[in-house]
Participant: 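Structure provided below as structure tokens; questions to follow.
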Amino acid sequence: MRALLLENVHPVATTVLEAAGIEVVTRKGALDEQELIDELAGFQLLGIRSKTELTARVCSALPGLLGVGVFAIGTNQVDVLSSAAHGVAVFNAPYSNTRSVVELTIAEIIALTRRLTVLDKALHEGTWDKTAEGAHEVRGRVLGIIGYGNIGSQLSVLAEGIGMRVVFYDTAEKLALGNARRLEAMDELLEMADIVTIHVDGRPGNAGLFGSHQFGRMRPGSLFLNASRGFVVDLAALREHILSGHLGGAAIDVFPMEPKNRGDRFESELRGLPNVILTPHVGGSTEEAQEAIGQFVAGKLRDYVRTGSTTLSVNLPNLQLEHTGVGRIAHLHRNVPGVLAAVNQVFAEHGANIVGQVLATRGEIGYVVTDISDVTQRGASAKLQALDSTIRLRVLDHIQRDELPPGPASAHWASVGVGAPD
Ligand SMILES: NC(=O)c1ccc[n+]([C@@H]2O[C@H](COP(=O)([O-])OP(=O)(O)OC[C@H]3O[C@@H](n4cnc5c(N)ncnc54)[C@H](O)[C@@H]3O)[C@@H](O)[C@H]2O)c1
């Protein structure tokens, strides 16, 4: 089993994969489509970040490709449907930078409440502006969180820890943590909060969620933060409300149009406004988050290779699987009527003793994993491979990793693509 890790993935990923007996080759840069096809022959696993695209052409040109780790939060660079149709499991790291975003948000709440960037700028320009005017403690202030998911809820806990009162609004039913209060309507939150911070997800319906109406409903002098998605907020409306003095400040980390590369020029109607903190989409960008992403995604690839587990895969049906100590046949198939019956018919014909079986489906893809006491039923796997519905068949033998002799894991884990029965 070999993995090619591109784009400077954190070294911890190599450590995790190598510890599982997987040979790892790393490269600093990204690869384009043709380069990927040329370079990936002989590799079963691929690791990418944001610049390498996993296209339908790459998936169909590389039948041996088993899994792809996206060492990032988003998966826009991946053709999710096509990779699933070719039996390539894709994993990302949706939560590994949650804490980093929360910490930046807390820092900005305090910085805005004390007008730190205004004081800092004046002093750098040579003006000693010692005053308490417009500066506040955050203790006792009301923080309104819109979107109480991973980030919003963790922020809630930390904000209460520094004495803030938390109210939140979420379209989904969410459990309030600590003393936080759930509100039924966003407008109610806007009228109560001294500070409003947005942490909704990037579903298309959230485009333009926050504009003139919402800023107008906020309390005079209140503060606004957005570290979710750029398209959620109307920045021209924000500018107007800052310039009119209705809002006391803002911190924005995400923008509708963001430059592609480090060092590129940044244009925005928010540049130069007082008590407005602008950061280049770095909410989740810390060294700790990069390491956590490396650990998390490499762990998902390792588990998929070892056990067939697809927990949190972005494109395959999710099954959380453990080692059971018996043999395992993992059958990824087109989700058409009668597949399970056909699979079990094959097992019955070969007298296989089924120890356990689980099935999950996701759209057009089904995944059935069967533990049998004798995985050397090679005849059965050849017949399963030949089923019309089969996308990928994997035979995982029962030897625990800890018991394996030194050497590459590939000798013990067989993975078979369509048209290549084992
Ligand atoms: N700035 C950064 O660097 C950075 C890093 C990580 C994540 N993010 C962004 O932060 C956001 C939150 O991430 P998360 O992991 O907490 O997501 P999440 O999916 O866990 O939580 C999002 C929450 O928002 C709620 N929601 C969606 N639409 C809503 C609406 N219109 N009104 C109220 N609630 C709504 C959902 O029900 C959910 O509870 C995402 O947009 C993500 O892309 C930014």
Side-chain angles (χ1 to χ4, degrees), residues 49-50 70-78 92-109 143-159 166-177 180-190 192-193 196-211 213-215 217-218 224-235 250-260 262 266 268 270 277-293 296-297 312 314:
R49 289 175 68 189
S50 55
V70 181
F71 289 81
I73 310 300
T75 52
N76 292 346
Q77 64 281 47
V78 170
N92 68 335
Y95 314 121
S96 299
N97 62 6
T98 298
R99 174 71 187 209
S100 301
V101 179
V102 170
E103 288 192 11
L104 180 72
T105 306
I106 292 280
E108 289 177 336
I109 288 170
L143 176 64
I145 301 174
I146 299 174
Y148 204 67
N150 294 296
I151 294 174
S153 57
Q154 190 169 148
L155 173 65
S156 168
V157 173
L158 265 65
V166 175
V167 293
F168 70 89
Y169 168 70
D170 197 297
T171 42
E173 195 70 43
K174 293 279 170 169
L175 177 71
L177 301 180
R181 248 183 77 204
R182 179 169 192 270
L183 300 178
E184 290 300 324
M186 197 200 297
D187 277 357
E188 195 185 345
L189 178 147
L190 301 179
M192 284 178 71
V196 172
T197 183
I198 303 203
H199 300 286
V200 299
D201 54 62
R203 71 186 72 181
N206 281 339
L209 175 73
F210 220 89
H213 167 81
Q214 288 72 21
F215 288 123
R217 296 301 283 260
M218 285 174 64
F224 175 79
L225 294 89
N226 182 26
S228 64
R229 294 293 187 94
F231 63 74
V232 171
V233 177
D234 177 351
L235 294 187
I252 305 294
D253 187 47
V254 288
F255 302 87
M257 300 288 290
E258 295 182 356
K260 273 210 160 47
R262 195 174 175 185
F266 169 69
S268 168
L270 300 181
I277 301 174
L278 303 181
T279 45
H281 203 148
V282 290
S285 304
T286 62
E287 293 184 12
E288 287 78 6
Q290 286 309 315
E291 183 173 350
I293 290 168
F296 186 88
V297 178
L312 289 182
V314 297

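No experiment lies behind these values; they were computed from the predicted model shown. Both backbone and side-chain heavy atoms feed into the values below; hydrogens, waters and symmetry mates do not. Every number for a ligand or one of its atoms is a count from 1 in the order of the listing.
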Participant: Hey, does the side chain of Glu291 reach the backbone of Glu288 with a donor-acceptor pair shorter than 3.5 angstrom?
Facilitator: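 Judged by distance alone, no pair lies under 3.5 Å.
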Participant: Among Leu225, Asp253, Leu158, find the one that has a side chain to side chain contact (heavy atoms under 4.5 Å, CB included) with Thr105.
Facilitator: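 The single option meeting the side chain to side chain contact (heavy atoms under 4.5 Å, CB included) with Thr105 is Leu225.
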Participant: Can you list everything that forms a side-chain contact (heavy atoms from CB on, under 4.5 Å) with Glu258? Sequence neighbours excluded, please.
Facilitator: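 In terms of side-chain contact (heavy atoms from CB on, under 4.5 Å), with neighbours along the sequence ignored, Glu258 is linked to Val254, Phe255, His281.
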Participant: Could you name the protein residues that come within less than 4.0 Å of ligand 1, counting only heavy atoms, and order them by chain and residue number?
Facilitator: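 Contacts of ligand 1 under 4.0 Å: Asn97, Val101, Gly147, Tyr148, Gly149, Asn150, Ile151, Tyr169, Asp170, Thr171, Ala172, Lys174, His199, Val200, Asp201, Gly202, Arg203, Asn206, Leu209, Ala227, Ser228, Arg229, Asp253, Val254, His281, Gly283, Gly284.
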Participant: Answer yes or no: is there a donor N or O on one side and an acceptor on the other, between the side chain of Asp187 and the main chain of Leu190, under 3.5 Å?
Facilitator: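 Not confirmed, Asp187 side chain does not pair with Leu190 backbone.
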Participant: For Asn97 and Gly283, indicate whether the former's side chain and the latter's backbone hold a donor-acceptor pair under 3.5 Å.
Facilitator: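 Flag not set: sc Asn97 to bb Gly283 has no pair under 3.5 Å.
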Participant: Would a distance-only check, ignoring hydrogens and angles, find a side-chain to backbone donor-acceptor pair under 3.5 Å from Asp170 to Tyr148?
Facilitator: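 Yes: the side chain of Asp170 pairs with the backbone of Tyr148.
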